[in-house]
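Let me begin by presenting the structure, written as structure tokens, before commenting on it.
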Amino acid sequence: MSLAGAKAVGRPTAPEAAGANGAELGSTEFAAIAAIMQSDARIHLAPGKVTLVQSRLNRRVRKHGLDSFKDYVKLVQSNAEERRAMVVALTTNHTHFFREGHHFDHLRETAMPWLKKQAEHKPVRIWSAGCSSGEEVYSIAMCLRGPDRGTASWLDRADVKLLATDLSPIVVDTARSGVYPANAVQPIPAPYRASWLRPEGADFAVVDEVRKMVTARVLNLFEAWPMRQKYDVIFCRNVMIYFDDAAKAELEARFVDLLVPGGYLYIGHSERLIGAAATQMKPAGHTIYVKEGR
Ligand SMILES: C[S@@+](CC[C@H](N)C(=O)[O-])C[C@H]1O[C@@H](n2cnc3c(N)ncnc32)[C@H](O)[C@@H]1O
């Protein structure tokens with residue numbers, strides 16, 4: 001996506017978006033929609049996103065039998081269910097398996113030896129925050145299991161759980177199912193594909209040993225978190241680009257707080273730590289950070 005990368009909300013610079021394929025989104029309605037995105041998901045809609053917002057929401061306008069964004073905004077302002085659906089429709093869920101491969105190299109080579117040691121005396125917890133349809137969390141799980149079935153025996157003796165969360169119930173359903181079309185599983189290195197996927201009709205399913213390591217649930221990152229214990233690894237990649245600096249700083253500080261000393265935080269390729277998190281985390285690779293105090 002890029003709904004991000006923004007200046008101030010509510011000052012669309014684009015002319016009224018043309019409505020070749022549906023209702024036109026005017027600047028007042030864009031501002032109202034941007035304000036909802038900011039308050040509900042902390043997603044910052046830049047003024048230049050008028051056309052994108054219009055095209056993503058036109059289907060919902062039609063679904064409700066409306067023919068103007070004015071009426072749609074009225075609906076959203078009075079109907080909590082549609083308001084949630086609108087926020088979901090305006091998220092971008094682009095992802096793929098083994099995205100940003102250097103993170104998985106680091107996980108295998110540096111984090112995993114430490115995680116194995118951790119697992120000898122405590123539960124190990126890993127979070128994919130903003131997981132989209134689950135490709136990220138299953139890439140992590142496959143790395144932990146290793147390229148072939150014989151290398152994962154340490155996991156059988158350990159308490160290792162992965163949590164995958166996202167704002168959008170639609171993508172969380174896919175993450176929970178662990179079933180992907182053939183083209184989606186292509187980026188998985190061949191040995192991992194052979195070990196940890198099985199055909200399911202025309203698709204591929206993550207095998208039970210891997211799928212059962214993962215709990216997928218809906219969570220807005222700016223609401224209360226369900227964790228009752230500290231985490232060893234957090235992936236939050238290509239999510240914070242959609243937030244303004246205040247929201248990023250707040251979220252990153254909460255991630256740091258949740259990590260055990262020595263725990264790792266992986267962020268997206270164009271992201272950086274700001275605020276308190278920047279002083280509490282030590283760089284451990286490109287867009288990889290380790291919490292001080294191990
Ligand atoms: C571009 S995807 C990134 C997926 C994956 N982390 C990756 O890097 O491939 C961004 C995800 O963040 C989610 N997201 C955006 N705002 C969120 C929020 N406030 N709370 C939880 N998830 C959010 C979106 O629904 C979307 O699925």
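Whatever order the structure lists ligands and atoms in, that order sets their numbers, starting from 1.
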Practice item. Pick one of side chain, backbone, both or neither for how Leu219 approaches ligand 1, counting any non-hydrogen atom pair under 4.0 Å. Key: backbone
Study note, to complete from the structure: Note: Arg237, heavy atoms under 4.0 Å from ligand 1, region reported as both
Review point. Taking Arg56 for the side chain and Thr91 for the main chain, is one N or O donor matched with an acceptor at less than 3.5 Å?
Key: yes
Check your understanding: Are the side chain of Trp114 and the backbone N or O of Thr110 linked by a donor-acceptor pair below 3.5 Å?
Key -> no
Exercise for review: Answer yes or no: is there an ion pair linking Arg198 with Glu200, defined by an N-O contact shorter than 4.0 Å?
Suggested key: yes
Exercise for review: Identify whether the distance between the nearest side-chain nitrogen and carboxylate oxygen of Asp173 and Arg176 falls below 4.0 Å.
Suggested key: yes
Exercise for review: Compute whether any side-chain donor of one residue and acceptor of the other, for Glu82 and Tyr72, lie under 3.5 angstrom apart.
Suggested key: yes
**Study point:** Residue pair Glu135 / His96, side-chain donor-acceptor N/O under 3.5 Å
**Key:** no
**Study point:** Nearest neighbour of atom 24 (C) of ligand 1 from the list Leu251, Leu167, Asp166, on a heavy-atom basis
**Key:** Asp166
[X] to ligand 1: N or O pair under 3.5 Å?
| X | answer |
| --- | --- |
| His96 | no |
| Val239 | no |
| Tyr242 | no |
| Leu221 | yes |
| Ala41 | yes |
| Gly130 | yes |

Taking a cutoff of less than 4.0 Å between a non-hydrogen atom of the residue and any ligand atom, is [X] in contact with ligand 1?
| X | result |
| --- | --- |
| Phe243 | yes |
| Thr165 | no |
| Arg42 | no |

Review point. Of all the atoms in ligand 1, which lie at a distance below 4.0 Å from a heavy atom belonging to Phe222?
Key: 19 (N)
Practice item. Would you mind listing which atoms of ligand 1 come within a distance below 4.0 Å of any non-hydrogen atom of Asn220? Key: 18 (C), 19 (N), 20 (N)
Review point. Knowing that exactly one of Trp127, Tyr289, Tyr138, Phe104 qualifies, which makes a ring pair (Phe, Tyr, Trp, His ring centres under 6.0 Å) with Phe235?
Key: Phe104
Exercise for review: May I ask you to check if Arg42 and Phe243 form a cation-pi contact, with NZ or CZ under 6.0 angstrom from the six-membered ring centre and within 45° of the axis?
Suggested key: no
Point to revise | Pairs touching residues 230-241 that satisfy salt bridge (Lys or Arg N to Asp or Glu O under 4.0 Å), sequence neighbours left out | key: Lys122-Asp232, Glu136-Arg237
